[in-house]
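Working notes, beginning with the structure itself.
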Amino acid sequence: MPDKPGSRTSAFDRRAFLAGAAGSALVPMTARAAAQEASAPAARDPSLPVEVTLRVNGKDNRLSIDARTTVLDALREHLKLTGSKKGCDHGQCGACTVLIDDRRVVSCLTLALAAEGQEITTIEGLATDDRLHPMQQAFIDNDAFQCGYCTPGQIMSAVACVKEGHANSEAEIREYMSGNICRCAAYPNIVAAVKQAAPEIVKG
Ligand code: FES
Ligand code: FES
């Protein structure tokens with residue numbers, strides 16, 4: 001005999017049905033979540049080495065490095081090019097300045113991975129076989145350094161400053177070289193060096 005609506009058996013069946021329906025709705029959601037979790041890429045340990053090719057001073061260098069390595073550390077620690085200096089390691093002193101695709105950058109804040117495929121030029125790559133770069137010669141001619149620690153960064157920045165067209169007056173040179181700090185305060189001589197080298201660099 002069929003149960004009457006509202007009878008005990010009927011109420012139980014309704015609860016059982018609702019529980020079953022809720023359960024069957026949950027199963028696909030749970031299964032979906034599990035499938036998503038399984039297909040999500042596992043978080044990669046950033047300290048594991050990655051392969052990168054850095055082109056430095058016209059030469060390709062294949063390196064296996066921590067993904068967090070900066071251009072400065074790649075140059076100094078892996079390639080043993082110690083001309084670029086680590087002053088602050090915070091992008092504030094300019095001692096680490098190099099050129100990447102002819103643009104000056106603070107290499108302590110630039111990831112090596114981000115520089116792959118670009119041309120990195122360091123102080124070691126400026127001179128030709130038998131001749132200093134005009135900016136290097138001008139720094140010597142004008143005694144534009146004392147301790148010399150800031151000098152590689154100053155020279156790289158000065159080359160870019162001239163090529164950018166920002167060496168037309170002493171004031172302009174000071175302004176566009178202001179990211180390069182000299183603790184020995186050789187600024188007047190640095191400005192004189194940039195003025196001396198500028199015409200030759202512009203001439204090419
Ligand atoms: S070491 Fe890079 S800006 Fe100071
Ligand atoms: S020459 Fe010494 S910091 Fe510039």
Side-chain angles (χ1 to χ4, degrees), residues 46-47 50 52 54-57 61 63 65-127 132-164 166-167 169-198 200-201:
S47 68
V50 291
V52 64
L54 291 185
R55 187 162 181 78
V56 182
N57 300 329
N61 301 273
L63 298 176
I65 55 174
D66 182 316
R68 298 162 295 184
T69 304
T70 62
V71 169
L72 180 61
D73 285 340
L75 292 171
R76 292 183 57 86
E77 309 299 332
H78 294 267
L79 296 174
K80 307 303 174 199
L81 293 172
T82 54
S84 307
K85 300 293 185 253
K86 185 177 281 190
C88 63
D89 210 16
H90 282 80
Q92 293 177 354
C93 73
C96 64
T97 304
V98 299
L99 305 183
I100 297 187
D101 281 351
D102 283 335
R103 289 180 56 233
R104 46 182 161 169
V105 301
V106 279
S107 60
C108 69
L109 290 189
T110 307
L111 286 176
L113 285 179
E116 188 166 34
Q118 301 180 74
E119 185 71 48
I120 302 171
T121 309
T122 71
I123 190 72
E124 290 92 344
L126 272 194
L132 290 176
H133 186 280
M135 192 61 77
Q136 291 174 306
Q137 188 61 56
F139 267 65
I140 293 171
D141 294 346
N142 291 276
D143 282 334
F145 47 83
Q146 289 180 40
C147 78
Y149 198 79
C150 73
T151 309
Q154 298 279 3
I155 291 176
M156 298 312 292
S157 198
V159 169
C161 177
V162 171
K163 289 188 172 170
E164 290 161 9
H166 292 139
S169 67
E170 289 196 6
E172 196 177 32
I173 292 169
R174 285 180 189 278
E175 174 67 20
Y176 282 90
M177 290 292 292
S178 62
N180 290 79
I181 308 299
C182 176
R183 290 158 184 80
C184 302
Y187 297 114
N189 307 48
I190 291 170
V191 172
V194 177
K195 274 175 68 183
Q196 175 185 311
E200 199 175 337
I201 292 173

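Nothing here was measured: the structure is a model prediction, and the numbers come from that model. We're numbering straight along the sequence, starting at 1. Read the numbers this way: they start at 1 and go in the same order the structure lists the ligands and their atoms.
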Asp89, portion touching ligand 1 at heavy-atom distance under 4.0 Å: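 Just the backbone.
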Under 4.0 Å from a heavy atom of [X]: give me the atoms of ligand 1 that qualify, with their elements.
| X | answer |
| --- | --- |
| Gly91 | 3 (S) |
| Val106 | 3 (S) |
| Cys108 | 1 (S), 2 (Fe), 3 (S) |
| Cys93 | 1 (S), 3 (S), 4 (Fe) |
| Cys88 | 1 (S), 3 (S), 4 (Fe) |
| Gln92 | 3 (S) |

Please answer whether the main-chain N or O of [Y] pairs with a side-chain N or O of [X] as donor and acceptor at a distance below 3.5 Å.
| X | Y | result |
| --- | --- | --- |
| Glu200 | Pro134 | no |
| Asn142 | Ala144 | no |
| Arg55 | Gln118 | no |
| Tyr149 | Lys86 | yes |
| Ser157 | Met177 | no |
| Tyr187 | Cys182 | yes |
| His90 | Gln92 | no |

Distance-only polar pair, side chains of Asn57 and Glu124, donor-acceptor under 3.5 Å: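 The criterion, which ignores hydrogens and geometry beyond distance, is not satisfied for Glu124 and Asn57.
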Are side-chain heavy atoms of Arg104 and Cys161 found at a separation under 4.5 Å?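 Yes, at least one pair of side-chain atoms sits under 4.5 Å.
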Heavy-atom nearest option to atom 2 (Fe) of ligand 1, drawn from Gly179, Cys96, Ser107: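 Result: the heavy atom closest to atom 2 (Fe) of ligand 1 is in Cys96.
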Take atom CZ in Arg103; do more than 12 heavy atoms of anything else shown fall under 6.0 Å from it?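 No, not enclosed.
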Under 2.8 Å from atom 4 (Fe) of ligand 2, which protein N, O or S atoms are there? Could you list them by chain and number?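 Less than 2.8 Å away from atom 4 (Fe) of ligand 2 sit Cys150 SG, Cys182 SG.
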If the cut-off is 2.8 Å, does any N/O/S atom of His90 fall short of it from atom 4 (Fe) of ligand 1?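 No N, O or S atom of His90 is closer than 2.8 Å to atom 4 (Fe) of ligand 1, so no.
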